[in-house]
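Below: the structure, in structure tokens.
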Protein chains: 2
Amino acid sequence: MASVYTETPMSGNTTPLGTRTAVPPVAVVSASERAYRQLRDEILDGVLAPGAGLLEVEQSDRIGVSRTPLRAAIARLIADGLVAGRAGRGFMVTEMSVDSIHELYELRRALEEHAARIAATRRDPHVFLELRDQFRTAPELLLQGEAGLHRYYELIDDFDDALDAAVGNPFLVTALANVRTHLARIRRLARHNPARLRAAAAEHLLIIEAIVAGDTSLAAHATHVHLHQSLSNVLAALEANPAAQAD
Amino acid sequence: MASVYTETPMSGNTTPLGTRTAVPPVAVVSASERAYRQLRDEILDGVLAPGAGLLEVEQSDRIGVSRTPLRAAIARLIADGLVAGRAGRGFMVTEMSVDSIHELYELRRALEEHAARIAATRRDPHVFLELRDQFRTAPELLLQGEAGLHRYYELIDDFDDALDAAVGNPFLVTALANVRTHLARIRRLARHNPARLRAAAAEHLLIIEAIVAGDTSLAAHATHVHLHQSLSNVLAALEANPAAQAD
DNA sequence: TGAAGCTCCTATGTATACATAGAATTCAGG
DNA sequence: CCTGAATTCTATGTATACATAGGAGCTTCA
């Protein structure tokens, strides 16, 4: 599991307003944190393909940290389920089979339907009213090229954040975060399908409206429908381009 | 999260049937694995109380490993949510507030109700028929003192294992394992309540019968009822003895 | 006597050297 | 030419020494 109580890394980049010095506030994070983020991003982006081997010395050389922080990074990735230890021969990026996609969506249904129900009960209406207005602009956004697409994905993130805040349950939020981590690896495969994105935006809108209205049942069922369509789309994309799996 | 793909530690204690040597097969596990298990057990048993500070040097001295494997152990405990890093002053065992108990049960409901539904669909009937017979003997077991009590808790574990096997979803099973980890810390508080244990056994029996019958709806609802009663019992125990929280 | 600043100390973060287990390769024997 | 075992090599597991940041306590000044 990922932690429920985990705090910000160790931070330190608290910029005490007004202490604007010449040195850039970058890279105040620890070496292990840097290694973790880089490896994680590369795995999620597919730069490190599923099945790829991870050797401690090799990776620590490449990233520019010693083996100690790199081992810590790999330990976290193993906890995330993104990396697995091969018996005697190093580590490898975990595979993502079609079966595991089904399994991931099964867990996702359980968590998000429950989360939607809870959110419909505990939500701050103002937040979701704002989100509703934003999502209503989604169809136009999707006509505005790369920038609009980027904004659209930000909207999805905003929705996830609002859902987490409304749920207000660290255990559930952590479980959702884990699912989203693995989901990020899958999304790459089915990306850039305008028709699907428009439909997804409409589905999100319905979920939001249900949450605003406090309609727990509709929130859960609309979520179920959304996830069904999402999975169908992913599977269709995989069917059309099985090679993408190893991309 | 805990890993979905994590394998047995690194193992090695595969006893190739017939190679029964004189040397005991103990302690072939790595130092970090030993440290992890010991700390984890101590946290779950309450030996290391919530809020207790964990200092690397102190703990590594006590357990008898160097700081390196101990750091790995703590990293895993953080991923489990059992330990949190205090900004500048070491680590501490996470607290278990009444709020967090509610939150944990909320996640547990989402996962176990879903798992029960799935199990009722995919189960191997033989396994659950066997379990049903076992659980029918529970009332008698609970009259047989410590040994019977021990056997009863084994039955619960058997049920959990059977549920995991029937679900057959590594993501969901991992999420359930995480919940059970935190649950183990709570169970201590409400232990040794014979009346509750008898009732719980009856509730389990109903869930099992629903799974055997392939009745998904009943399996889910019976699980919901069971979890409601379980939570009520825990909260009542806490109410009666708030000190137990820090015990 | 109180508060502010400084110093020291402690505990984590990192690097590196060494130990060890397992796999691949190579060599020898049939 | 094939099979077997021994050896070597590689990659992780562990220990330790050093760097560094943050806090507690003390000292000093007002």
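Here is the naming used below: chain letters follow the sequence lines, and residue numbers restart at 1 for every chain.
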**OP:** Could you verify whether a donor N or O on one side chain and an acceptor N or O on the other, from A:Tyr153 and A:Asp158, lie under 3.5 Å apart?
**Re:** no
Original post:
To the nearest Å, how far apart are B:Leu55 CG and C:dC9 P?
Top reply: 17 Å
Original post:
To the nearest angstrom, how far is A:Arg34 atom CZ from C:dA15 atom C1'?
Top reply: 13 Å
Original post:
Are OP1 or OP2 of D:dT14 and a side-chain N or O of B:Ser32 less than 4.0 angstrom apart?
Top reply: yes
Original post:
Would one find a side-chain N or O of A:Arg71 under 4.0 angstrom from OP1 or OP2 of D:dT12?
Top reply: no
**OP:** Check each of A:Leu39, A:Leu44, A:Val93 against A:Leu82 using the side-chain contact (heavy atoms from CB on, under 4.5 Å) test, and report the only one that passes.
**Re:** A:Leu44
Subject >> For atom CZ of A:Arg67 and atom C1' of D:dA11, their distance in whole Å >> reply: 7 Å
**OP:** Using a heavy-atom cut-off of under 4.0 Å over every strand shown, decide if B:Leu70 touches base, sugar-phosphate, or nothing.
**Re:** nothing
Original post:
If you pin B:Thr68 and B:Ile74 to their nearest nucleotides in DNA chain C, which one's is more 5'?
Top reply: B:Ile74
Original post:
Taking the six-membered ring of B:Tyr36 as reference, does the NZ or CZ atom of B:Arg76 fall below 6.0 Å from its centre and within a 45° cone about the axis?
Top reply: yes
Subject >> Backbone of A:Glu103 reached by a side-chain donor or acceptor of B:Asn169 within 3.5 Å >> reply: yes
Original post:
Got a donor-acceptor pair under 3.5 Å from the side chain of A:Arg86 to the base of C:dG22?
Top reply: no
**OP:** In whole angstrom, give the distance that lies between atom CD of B:Glu56 and atom C1' of D:dA17.
**Re:** 15 Å
Original post:
What's the closest nucleotide to the B:Ser30 side chain, out of D:dT14, C:dT12, C:dT14?
Top reply: D:dT14
Original post:
If you check every side-chain atom of B:Val65, which of C:dA15, D:dT12, D:dA15 has the closest atom?
Top reply: D:dA15
Original post:
Atom CD of B:Gln59 and atom P of C:dA11: how far apart are they, to the nearest Å?
Top reply: 12 Å
